[in-house]
Amino acid sequence: MSKRTVEVELSTSGLDAQGRPQRIPLVTNDGGAAIALQPPPGLEPDLEGEHMLINIGPQHPATHGVLRLVLELDGETVVRCIPHIGYLHCGFEKIGEYRQYNQIICWTDREDYLNSIGNNVAFALGAERLFGIEITERCKVLRVIASELSRIMSHLVWLGTFCIDIGAFTPFLWAFQRREEIYRLIEKWVGARLTTSATRVGGMAADIPSGWMDGLRQFIRTFPHTLDEIDRVLTRNAIWVGRTVGLGVMTPEEAINWGLSGPMLRASGVDYDVRKDFPYLDYETYDFEVPVGTNGDVYDRYLVRFEELRQSLRILQQAADRLPDGPVNIDDPRVILPPKSKATSEMESMIHHFKVVMEGPRPPIGESYVAVESPKGEKGYYMVSDGTAKPVRWRIRPPSFVNLAAIPKMVEGHLLSDVIAINASIDIVMGEIDR
Amino acid sequence: MTRFEVVKTGANATGGQPATQRNVSHRGGEANPSAKALQDKFSSAIKRVEVIWAETVVYVDPASVHEIIMWLHDDQSQQYDFLSDVTAVEYRDAEVPIEVVWHLRSLPYRRFIRVKAQLPKGSPLEIDSVWDIYKSADWLERECYDMFGIRFRGHPDLRRILMWEQYKEGFPLRKDFPLRGRFSRSEQLRQALAQNPEARYSMEELTIADAFAELPEDMRERLGKGERTGE
Amino acid sequence: MGLSASTEHRTVSYAPESQEGWVTTRLDFLVNWGRANSLWPMPFGTACCAIEFMATAASDFDLARFGMERMSFSPRQADVLICAGRVPFKLAPIIRRIWQQMPQPKWAISMGACASTGGMFDNYAVVQGIDTIIPVDVYVPGCPPRPEGLIYGIRMLQEKVKNERSSDAGIRDEMEPDPSSQLYIPPSVIDELGEPFGNSVNQTRSGL
């Protein structure tokens, strides 16, 4: 039986004096099977101080869109993280300067597309502040219903994708099943599933159709069952807990200084919720709790968002019970279109319709910053008017943009696989970050 | 694991539970008490105070922005600890100066204030960074630089954030920038496709990756002169 | 528009009196049947359409019915690039790179108005249709398309795959862009399509 010795190159063994990979002899029998591998002495790889650069994204399933992270690794530990954004920069703010206030509402759908109807509400509130309009009571309650439904939709996508990132697929399917139910409700109301454009300055695009509330009540009744199911699968699950506890901790002081908002800030133990602290839409009259974490890690963010789902259901229940009758739109011909039937039959109404659509309502000179509690955090619309029908400046205060800015701090010192969990816990949506 | 004490917002606030604002008047509402305190403390640096739609706007001297915001953040009777937003406004009227806007919130007092500094046209667009006071200003100021070209003095890493570093068309949110960009569509596409997605690392990353030689010639030259890379 | 890879006219002639093509035709049928029903998608999801794509993949609409539940997040094991969402200029080289990394045979679906034409984002940042960067087989309109719409587009692509003939020499040619401009459509056509109404800094043109 003959032996054969071949020298093989192993890149991990380092380089020789000429810069070529070192070779080590591999001894095989004549069948070709290795019988001995003899590493020469003193060839243990010296990896100390060797840092490695890893690029994640922009097209990567765990970056929730087109985020790009460049990580400097020491072994498997993250030494530094440099995020790159802007791969979805679509110039929303520039377009806003060329559009009338009611037209901009269509863009707010596409900006944070998980929370589209909530953005419509936020933008309408900002524009109404700029116009000095007080909306009707029925409209307020409808907008609360819209905002909370949208919060549930957004948190369900977050939950589903977070589970996929960590390796659980089933909750994703459960979450998306319930989302389809909300989609059906919203489609009945405004005619679209995702890009709703549901509000107008001074009211809503449409009142809810008859029988819609029954669908909502049915949803409120059955949704806790799904929540309990997901809760049972995840919250006490050893793998889930092991992959989330103690990661990406932000102390309350750091969280405030880094400008975190929404569930990210509350998980760090700061009790700041725009609905409670700077209320809008009469949120102070609803009875709900603001969940607050005490550890500021990924697991606490999960718990906070999960509890928010339940609190949103409470608000929805109260809103459904108190929905008053009456008009949805205010009675102000400056901003509100005449009824469609009149616009096609009466000359005055037609001219009125034409004026509002073509010239657009004009707010007085001024500016307003209206912030709402979006599922991601404090979402603000800052509008500056110079008295024309189009804003001089339409600024979006993007909560996940500011939240994401803290990721280099959060991932430092953690393992590469934990970066995925931390990134998922921020609940980023690139449409809003890059705008 | 250490557990944090829960920080309650509104701990120092007076006047009971906050409520939704109703029937807000256009001008002349009640000003935020911080505005009065600012006027007492920095008399000449506060140019004027306005109340628009119940929001207090304080126009300050651009030279003392950092000092004023530092005081708002540190002073025990103000405690503006949360920076909501940093942005800029350019008006359609070319005579009106560009405004840099800070939206500050005081969580303990539940107050909101807008600080504005005017940068006249023709003068260099430069202002002090508040990054050393609020870490959240990092990306917000970078975005403001990217979109308006306003330089923030003292920012540690002021480079483009949304557009790529070799973007040649200018600052998109300026009023002299056309909606569809300065170049033709095919030229924009050509320039975009000419980027090498793998060579686009920042200076720090390039030193780690040892990939400096991979860069285009002109970029290497500019970097050699000490310019920061973007991207 | 410079979209065809070769100039020869491609037709499949069927002559029942000649049995020469029988074996390859039946083989084509088998191969295409297998291919069409196991298209592995490479989801290039950027924006709103990606959420509807996820809804399509989830249990209510269930992409697994078409053999597509295996999302291939690596382009090297994918058959169909589904571009779901708007593509800004900054992303243009990335999608080109991903397309080049996919092995033949490969197809592309442009999902939604923004990917197909730029949609409502007719501004400085967004590519006016990804067909200027990569060749597209099926366009799905909608903002975003409903899952039914995407499924219809997938069915159309399956039809296309089923009608391919292996005897067709040019079918697996890698479509190369124009070497000077690196584009699939001549620059003059892009300019004409991209700016039919010109370009302006005037935000209140009518003075209103």
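Proteins get letters first, then strands, A, B, ... in listed order; numbering begins at 1 in each.
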**Prompt:** Which one of C:Pro144, C:Ala125, C:Ala47 has the most heavy-atom pairs closer than 4.5 Å to chain A?
**Reply:** C:Ala47
**Item:** Engaged part of C:Ile95 at the chain A interface, taking heavy atoms whose separation is under 4.5 Å
**Value:** neither
**Message:** Only pairs of heavy atoms separated by less than 4.5 Å count here; which of A:Thr195, A:Leu173, A:Ile95, A:Leu88 has the most with chain C?
**Reply:** A:Leu88
**Pairwise side-chain contact, C:Phe73 with A:His60, heavy-atom cut-off 4.5 Å (strictly under)** = no
**Asked** Residues of residues 107-115 of chain C under 4.5 Å from chain A (heavy atom pairs)?
**Response** none
**Asked** Do C:Met120 and A:Arg110 come within less than 4.5 Å of each other through their side chains, counting heavy atoms only?
**Response** yes
**Prompt:** Between the main-chain N or O of A:Gly91 and the side-chain N or O of C:Asn123, is there a donor-acceptor pair closer than 3.5 Å?
**Reply:** yes
**Request:** Can you tell which part of A:Glu432 gets under 4.5 Å to a heavy atom of chain C, answering side chain, backbone, both or neither?
**Result:** neither
**For A:Tyr87 against C:Ile94, the heavy-atom pair lying closest together** = CE2-CD1, 4.1 Å
**A:His89 ring center near C:Phe121 ring center (under 6.0 Å)** = no
**Message:** Tell me if the CZ atom of C:Arg70 is crowded by more than 12 foreign heavy atoms within 6.0 Å.
**Reply:** yes
**Prompt:** Do you know which two heavy atoms are closest between A:Leu194 and C:Cys48, and how far apart they sit?
**Reply:** CD2-O, 3.5 Å
**Prompt:** Under a 4.5 Å cut-off applied to non-hydrogen side-chain atoms, are A:Tyr183 and C:Glu52 in contact?
**Reply:** yes
**Message:** What part of C:Phe61 gets within 4.5 angstrom of chain A, counting heavy atoms only: side chain, backbone, both, or neither?
**Reply:** side chain
**Prompt:** Can you tell me if C:Lys90 uses its side chain to pair, donor with acceptor, with the backbone of A:Ile85 under 3.5 Å?
**Reply:** yes
**Prompt:** Which heavy atom in C:Ala55 sits nearest to a heavy atom in A:Arg193, and how many Å separate them?
**Reply:** CB-NH2, 3.9 Å
**C:Ile51 CD1 to A:Phe176 CZ distance, which is reported to the nearest 0.5 Å** = 6.0 Å
**Asked** If you take all heavy atoms of A:Phe172 and C:Ala58, which pair is closest and at what distance?
**Response** CE2-CB, 4.2 Å
**Item:** Portion of C:Tyr124 that has a non-hydrogen atom of chain A nearer than 4.5 angstrom
**Value:** side chain
**Asked** To the nearest 0.5 Å, what is the distance between CZ (A:Arg68) and CG (C:Leu91)?
**Response** 11.5 Å
**Side-chain donor/acceptor of A:Gln59 to backbone N/O of C:Pro43, under 3.5 Å** = yes
**Item:** Note, C:Met54 side chain near A:Thr161 side chain (heavy atom, < 4.5 Å)
**Value:** yes
**Request:** Could you tell me whether the side chain of C:Ser59 and the main chain of A:Gln177 form a donor-acceptor pair under 3.5 Å?
**Result:** no
